**Q** 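Got a structure here, written out as structure tokens. Questions coming.
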Number of protein chains: 2
Amino acid sequence: MTGQVRTVDGRVAGRRGQATRQKLLDCLSEMLSSSPYRDVKVIDVARKAGTSPATFYQYFPDVEGAVLEIAEEMAKEGAGLTELVSGRSWVGKAGWQTSEELVEGFLDFWRKHDAILRVVDLGAAEGDKRFYKIRMKILNSVTNSLTEAVKELQTKGKVDKDVSPAAMAGSLVAMLASVAGHQKGFQTWGVKQAELKPNLALLVHLGITGKKPTK
Amino acid sequence: MTGQVRTVDGRVAGRRGQATRQKLLDCLSEMLSSSPYRDVKVIDVARKAGTSPATFYQYFPDVEGAVLEIAEEMAKEGAGLTELVSGRSWVGKAGWQTSEELVEGFLDFWRKHDAILRVVDLGAAEGDKRFYKIRMKILNSVTNSLTEAVKELQTKGKVDKDVSPAAMAGSLVAMLASVAGHQKGFQTWGVKQAELKPNLALLVHLGITGKKPTK
DNA sequence: ACTTGTCCTGTCATGCCGTCAGCTTACCGA
DNA sequence: TCGGTAAGCTGACGGCATGACAGGACAAGT
């Protein structure tokens with residue numbers, strides 16, 4: 001579909017080139033974890049990768065461009081989050097389990113991609129459509145599934161008609177994303193992971209089904 | 001407490017100096033709204049304020065330092081968000097109104113301070129304690145009130161004992177903050193403000209009381 | 001007019017940005 | 001084995017932001 005990996009000036013990247021490119025991405029990823037986004041400099045990434053700044057610019061237009069690349073990669077993996085919702089039951093004990101596993105999976109994913117997700121979030125909040133699209137791609141995989149779940153429950157008359165499935169699903173997912181992004185913060189504040197998860201699961205269950213879960 | 005405003009090199013700022021300082025802060029605020037945080041340069045802020053970069057460095061150690069100043073200011077105002085919760089009823093129609101007004105007030109505040117809150121959020125997520133503290137200051141004003149509300153409902157036996165008040169309140173507030181920060185995003189995605197608010201209010205009500213609201 | 005302390009800016013060394021020409025390396029067909 | 005060709009990399013450079021300093025402008029009091 002997209003064809004081959006290309007350098008900025010149009011050459012196709014060969015084996016060695018791709019390796020260098022990947023190394024730069026890896027190093028950038030590391031830097032994002034260890035220092036503020038604002039302070040990540042091309043020269044540092046290049047140095048860390050054992051190459052020169054000029055090489056960096058051969059593969060990426062700028063830091064942002066490289067970040068988008070990393071984010072894109074992560075988004076692919078994030079599409080798998082759909083699994084946490086689609087085809088699952090929302091009634092009885094199974095419903096509670098669905099909630100719990102959704103929360104669990106979500107927090108894990110966020111913890112894993114912590115640094116890059118921060119930047120994506122910022123970009124999206126600043127109105128950058130490219131970042132926004134990536135954020136959507138990840139969240140939609142869950143949001144859409146949840147939206148469907150609500151709609152289905154509505155047709156069965158189990159959920160009030162005046163609930164907007166999209167808004168509800170979107171809000172819940174936003175909550176998960178936000179809490180996930182500040183997991184460390186919660187801990188500092190004295191809320192333990194162990195009590196955080198069930199409460200999130202409870203909220204998800206309440207939001208989707210409108211009822212307390214049976215555990 | 002803090003006493004007078006001081007320059008970086010320790011002088012006390014007089015009338016004129018304070019005016020310049022404030023102008024720099026205002027211009028920085030504007031710049032944060034119009035361009036990505038990463039691209040905000042001291043020289044641009046100074047130019048916009050009709051002064052020189054050297055002047056900027058007389059009052060602030062760097063961009064981040066000035067941002068903290070703005071954030072601190074906003075946090076003071078944010079403390080007033082407590083009003084949205086403290087002393088309000090969570091039962092019957094009044095409970096629904098409390099939810100609605102909380103959501104309304106929260107979204108308004110966020111929309112108003114949009115740009116600076118993005119940066120605070122990023123700083124906090126990156127683990128910077130100064131930003132984290134400011135974020136807490138704002139959110140705590142609401143979180144603590146909500147926590148109290150849940151505790152009270154628990155003692156009355158109206159809410160399950162296994163709900164962690166702090167975790168629940170924190171999650172709800174995080175949700176509000178996150179949704180507020182991506183309000184534009186929701187719109188792009190096809191969810192209208194008008195349906196977003198009631199759904200958030202519903203979730204808040206469900207989370208705090210465990211019950212559907214009576215409208 | 002003179003002094004004092006505040007306030008601002010011109011200037012400079014330093015360092016990063018982003019680009020280019022040109023060199024090195026790898027691959028391939030003859 | 002030997003060019004030929006394209007990929008891959010870097011030194012070097014002009015440009016710009018940073019951050020520090022010294023000195024000039026300004027206001028207020030004497």
Side-chain angles (χ1 to χ4, degrees), chain A residues 2-28 30-32 34-69 119 123 128 130, chain B residues 2-32 34-70 119 123:
Chain A
T2 70
Q4 297 146 313
V5 179
R6 287 185 175 274
T7 59
V8 168
D9 56 339
R11 276 199 282 275
V12 292
R15 196 164 298 168
R16 188 152 70 115
Q18 295 210 22
T20 305
R21 198 184 123 100
Q22 193 56 49
K23 186 158 197 177
L24 284 167
L25 287 177
D26 292 344
C27 291
L28 172 55
E30 264 187 71
M31 301 234 61
L32 285 175
S34 60
S35 45
Y37 180 45
R38 201 167 196 283
D39 298 342
V40 171
K41 309 287 179 197
V42 169
I43 198 170
D44 296 321
V45 177
R47 243 196 299 262
K48 199 179 181 79
T51 180
S52 77
T55 301
F56 181 96
Y57 287 106
Q58 202 154 51
Y59 294 105
F60 311 104
D62 49 25
V63 172
E64 207 185 63
V67 166
L68 275 167
E69 203 75 13
V119 181
D128 187 309
R130 298 166 304 171
Chain B
T2 70
Q4 298 149 314
V5 179
R6 288 185 175 274
T7 59
V8 168
D9 56 339
R11 274 200 290 273
V12 291
R15 197 164 298 166
R16 190 152 69 110
Q18 294 209 22
T20 305
R21 197 184 123 100
Q22 193 54 51
K23 185 159 197 176
L24 284 167
L25 287 177
D26 292 344
C27 290
L28 172 55
S29 240
E30 266 187 69
M31 301 235 60
L32 286 176
S34 60
S35 45
Y37 179 47
R38 202 166 196 283
D39 298 342
V40 171
K41 306 291 177 195
V42 169
I43 196 169
D44 296 321
V45 177
R47 241 197 300 263
K48 199 178 181 78
T51 181
S52 77
T55 302
F56 182 96
Y57 286 107
Q58 203 153 49
Y59 294 105
F60 311 104
D62 49 24
V63 172
E64 207 185 64
V67 166
L68 275 167
E69 204 76 12
I70 298 175
V119 181

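Because the structure is a prediction, the values reported are computed rather than measured. Here is the naming used below: chain letters follow the sequence lines, and residue numbers restart at 1 for every chain.
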**Q** The test is side-chain contact (heavy atoms from CB on, under 4.5 Å); show your working for A/Asp128 and A/Glu64 and say whether it passes.
**A** CA-CA 11 Å; A/Asp128 187 309; A/Glu64 207 185 63; 4.2 Å; yes

**Q** Restricting to non-hydrogen atoms, name the atom on B/Val40 and the atom on B/Ser35 that form the minimum distance, rounded to 0.1 Å.
**A** CG2-OG, 4.0 Å

**Q** Base, sugar-phosphate alone, or nothing: which one does A/Arg11 contact when heavy atoms must sit under 4.0 Å apart?
**A** base

**Q** Does A/Asp26 come within less than 4.0 Å of A/Lys23, counting only side-chain N to carboxylate O?
**A** no

**Q** With a 4.0 Å heavy-atom cut-off, tell me which residues in residues 46-62 of chain B come close to DNA chain D, sorted by residue number.
**A** B/Ala54, B/Tyr57

**Q** Quick one, A/Tyr59 and A/Gln22 - any side-chain contact, counting heavy atoms below 4.5 Å?
**A** no

**Q** Can you tell which of A/Leu25, A/Val42, A/Val8 makes a side-chain contact (heavy atoms from CB on, under 4.5 Å) with A/Phe60?
**A** A/Leu25

**Q** Rounding to an integer number of Å, can you tell me how far B/Arg6 CZ sits from C/dT6 C1'?
**A** 13 Å

**Q** In whole Å, what is the span from the CZ atom of B/Arg38 to the P atom of C/dC17?
**A** 8 Å

**Q** Let me know the distance between CD of A/Gln18 and C1' of D/dC9, rounded to the nearest Å.
**A** 17 Å

**Q** Of B/Val42 and B/Arg16, whose nearest nucleotide on DNA chain D comes first from the 5' end?
**A** B/Val42

**Q** What integer distance in Å separates B/Lys41:NZ from C/dG15:P?
**A** 17 Å

**Q** In which ranges does DNA chain D form stems of 3 or more consecutive Watson-Crick or G-U pairs, distances under 3.5 Å?
**A** C:1-30 with D:1-30

**Q** Any heavy-atom pair between the side chains of B/Val63 and A/Arg38 that's under 4.5 Å?
**A** yes

**Q** Between A/Ser52 and A/Ala46, which heavy-atom pair has the shortest distance, and what is it?
**A** C-CB, 3.6 Å

**Q** Is there side-chain contact between B/Leu32 and B/Leu28, with heavy atoms separated by less than 4.5 Å?
**A** yes

**Q** Please give, in whole Å, the distance from C/dC8 P to B/Leu24 CG?
**A** 9 Å

**Q** Using a cut-off of 4.0 Å on non-hydrogen atoms, how would the nucleic acid contact of A/Thr20 be classed: base, sugar-phosphate, or nothing?
**A** sugar-phosphate

**Q** Just to be sure I understand the rule, does B/Arg21 reach a base, reach only the sugar-phosphate, or reach nothing, if contact means heavy atoms closer than 4.0 Å?
**A** nothing

**Q** Using side-chain heavy atoms (C-beta onward) and a distance below 4.5 Å, is B/Asp44 in contact with B/Lys48?
**A** no

**Q** Of the nucleotides D/dA7, C/dC8, C/dC17, which one has an atom closest to the side chain of A/Ile43?
**A** C/dC17

